[in-house]
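To keep things clear, I will list the structure first and then write my remarks on it.
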Amino acid sequence: MNIQSNSHFKKLLVDIRNHFLLDTSFFVDEEINKEFDPDFSQIYITFFQEGIKPLRWGARRKNIETSIQRIAIKLKENPRLSEFSLDDPNQCRILFEMVVSHSPCNIRNLTTQHISENRFEPGVNGLKFDFEGVPRFFMPTDAITNSIMSVNQLLNHLSKKTGHSKRTNKISERVELMRREPIKYTFIKSIACVSYKEKAISLYRGYPDPLIFDKQVMYETLLKSIDWLVENMREDGRFLYFYDGIKDSQVDLDHPKMVDPLYNNILRHSGGTITLLRGYELTKRDIYLKAAKKSLDFLLSTFKKHRVNNQYACYPFFNNKSKLGGAGIALVALMHYTMQTDDQYYRKQIDGLVRHLLSRVDKDGEMIGYYIHPKFYDGKEIVDPSDKMKKELFSFYYPGEALLGLALYYRHIKTIDKQLKIEIYNKSLKSLDFLVDVRPIKYDYMFDTLPADAWLMQAIEEWIKVDGFKKQNYIDFVFNDTQTLFDHMYTEENAPTPDYVGGFFYHYGDHVYHDASRNEGVIAAYNLAKYLGENELSEKIMGNMLKSAKGLMHTLHSPESTYAHQYPKKSINSFRFKLTRQWVRVDSVQHTACFYARLYQTDFGNVENNNDKKKFILFESENGSFEQFFKKIRLLTPSNNAKKIVIVSEFIDVKKILNGTLDIEMYKTLIQAAQIDCLFTVENFREHVSVLDDISIWKNHADKVESIEGEIINSITPNDIVCVKGVKKSKLPELTEKLRKMLHDMNNNVS
């Protein structure tokens, strides 16, 4: 059941909180009450609070009220209850969950990989298991709170509840024990809600439902995820590589012994740098550029130099390896910096990476996957490897990364040595021929049902614009891989659950892969189709791409969804890999942000091309004081869930602030009373930032109006009220004039 109106849940959660605080009675709404069955409707109530282990109890009595009363009695007996700030909804969150249906389960055939009556869908169904005469429950939301996705993870978790884990340390043996022991299992489904401040959030798979997605939401989300990367950078420019919100751990699960220092990966580091530069490209925010330079400093600290044709060359050396992809993505990152800033500061290293990459192309066009690997040549440089060794060193992804870097260099560096340019051209052409025509034969065993060569798709998108590279086999490669991805995409027609739509599968029935990295290849295909004038194809690609973009929002760690995390603020605005596993890795954030950034730059939902849907109310105030301005906008009420957007400069001439003429407390009160949804500031407002009590409304600041003009316009949605005021010398009237012209054009377009 999906209760559409959260008002049913809101009253219930308020009553539960008051019952614990004041011992008051409560009334359960009929919409919830009718879902209760006294024969099987087990109820659980869980308290969550930052830094405190969750507190939970479950019960089933003759109705919901008496069940909750029983739970309250047991929880009040627990001395840990005093740790929770039940009187503060901003701190203590309450999860209510009730079993509403059950069905048979054959534990020996339990699966997450096939559509069958014994399919375990983590977060959607759970298990009741009778052990030693006592009924126990793995509730659907337990998959979230315990970060569980697979059958093995589930049964390993249950083995700890039954004591079977003490018999062996091997997970495979624990799983087998749980499948074979005479324990009766039953599938269960539930309804659930969780409090969030003063709200009640309906849950599906343990996450807020319904999901909200549009171009503006996507834009705001991608910027917040880039902010997360910035906020979690280390002093030396490294990114936070891995984070588990449930355990509050930064130890990468694939490298559990690497604690000091923590595991890192230089390819994903470069990917994080590219993400910061995508953010800078969209917003021109200095914070992104400064962070990108900081991360580039760390990248360059890993560089080693050598000579190629008696000229300077360089490569990243990290974790005792030099990878083709490491040099390739490093070049892509440095090229994005150069393209966005027109700064030639890193030109020496860029040229050095290009020479190094070209030296890794053999006579047949095959790119050697590693330059240094500890298992070969005693960890020394690998020169002229045998064909057998090439196969051992070959990487499916690295050549595409290298060719993308070379393409960006070839197309966007204005002054390239003539001979070097010829070499880049010839070797890149030969490498593309190898990858598109030879690789499927020589390395056929590396190809799977779901394409995974998004980097090469992006490289071809760039190279196709160079004379001599517009070859049909390259074009076919991109579009064929795109179609194969769509053939392996969950849609509204075939998805086992609604939140699978837009994700991928290797084999139908697989747990969904919401995969932004693959979608970076898809958007390359979209742009290629547009470039070639294939409008029908580009529209088809866009339709599927939007499904994927929306599907990825299910992996967002939002403020509402992170109730089970020990320290939610550490993970909010990041993206995880899977629906129920709470792990974040730097690339799960970077790929999603980069995909969203490129998608945002397309014409989907383009407000400039669809002015009729952009109508808003403009409130401008050139005369009068800022005090009067805020008092007036307090009286304005947007309709249909629209926003109140305010754009201001500093409130008075900044030179006068030394005389104490700005009443900070008065403006704090005025701004709070104005109920502003989005605040944009320009010019010298930073001098007056202390007037903001709630900085969550503050969306962006720029010294120059034109720097965030596009962002402001794109933030406007139908029926918004846009309020503008600046000091005398402000350039905000120029923005006001543009907004006024937009409204004039819209009105003239009305038929």
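Because the structure is a prediction, the values reported are computed rather than measured. Numbering of residues begins at 1 and proceeds along the displayed sequence. Worth knowing before you read on, the calculation uses all heavy atoms, side chains too, and leaves out hydrogens, waters and symmetry mates.
- Side chains of Y243 and N232: a donor-acceptor N/O pair is absent below 3.5 angstrom, by distance only.
- For the 3.5 Å distance criterion, the side chains of Q344 and K414 fail to qualify, holding no donor opposite an acceptor.
- Ring orientation note: the planes of F626 and F630 are tilted relative to one another, at an angle of 30° to 60°.
- Counting heavy-atom neighbours within 6.0 Å of K294 NZ, excluding the residue itself, gives a total above 12.
- Residue L240 is tested with K570, M233, Q250 for a side-chain contact (heavy atoms from CB on, under 4.5 Å); the sole match is Q250.
- Side chain to side chain, Q582 and D244 fail the donor-acceptor criterion of an N or O pair below 3.5 Å.
- Defined by atom type and a distance below 3.5 Å, a donor-acceptor pair is missing between the side-chain atoms of E462 and Q458.
- The neighbour count for K348 NZ, taken as heavy atoms of other residues, nucleotides or ligands under 6.0 Å away, does not exceed 12.
- In the displayed structure, K578 atom NZ is contacted under 6.0 Å by more than 12 heavy atoms of other residues, nucleotides or ligands.
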Practice item. Could you check Y490 against Y500 for ring-ring contact (aromatic ring centres under 6.0 Å, His included), going step by step and ending with a plain yes or no? Key: CA-CA 6 Å; Y490 286 115; Y500 271 36; 5.0 Å; yes

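- Between the side chains of D351 and Y409, at least one donor N or O sits under 3.5 Å from an acceptor N or O.
- In E492, the CD atom is crowded: over 12 heavy atoms of neighbouring residues, nucleotides or ligands sit closer than 6.0 Å.
- Of the candidates I413, L406, L404, I413 is the only one forming a side-chain contact (heavy atoms from CB on, under 4.5 Å) with M335.
- Checked against the 6.0 Å centroid criterion, the rings of H688 and F651 qualify as a close aromatic pair.
- If you check the side chains of R268 and Y241, you find a donor sitting under 3.5 Å from an acceptor.
- Side-chain polar atoms of S270 and T273 form no donor-acceptor pair below 3.5 angstrom.
- If you look at H554 and Y207, their ring centroids are not closer than 6.0 Å.
- Taking the centre and axis of the six-membered ring of Y280, the NZ or CZ atom of K284 falls inside the cone set by 45° and 6.0 Å.
- Taking the six-membered ring wherever Trp is involved, the centroid distance between the rings of H557 and F575 does not fall below 6.0 Å.
- If you run side-chain contact (heavy atoms from CB on, under 4.5 Å) between L334 and each of L408, L300, I274, L277, only L300 comes through.
- Between D343 and Y337, the side chains place a donor N or O and an acceptor N or O closer than 3.5 Å (distance only, hydrogens not considered).
- Residues T415 and R347 bring a donor and an acceptor atom of their side chains to less than 3.5 Å of each other.
- Judged by distance alone, the side chains of T555 and H514 never bring a donor and an acceptor atom under 3.5 Å apart.
- Residues R285 and N700 have side chains that bring a donor and an acceptor to within less than 3.5 angstrom of each other.
- For the pair K323 and Y398, the cation does not sit on the ring face, since its NZ or CZ is not both under 6.0 Å from the ring centre and inside 45° of the axis.
- Atom CH2 of W455 and atom CG of L403 lie 12.5 Å apart (nearest 0.5 Å).
- Of the inter-residue distances, the one linking M553 atom CE with F213 atom CZ reads 7.0 Å to the nearest 0.5 angstrom.
- For the residue pair T717 / K643, a side-chain donor-acceptor distance below 3.5 Å is found, with atom types taken as modelled.
- Listed by first then second residue, pairs satisfying ring pair (Phe, Tyr, Trp, His ring centres under 6.0 Å) with a partner in residues 691-715 read F685-W698, not counting sequence neighbours.
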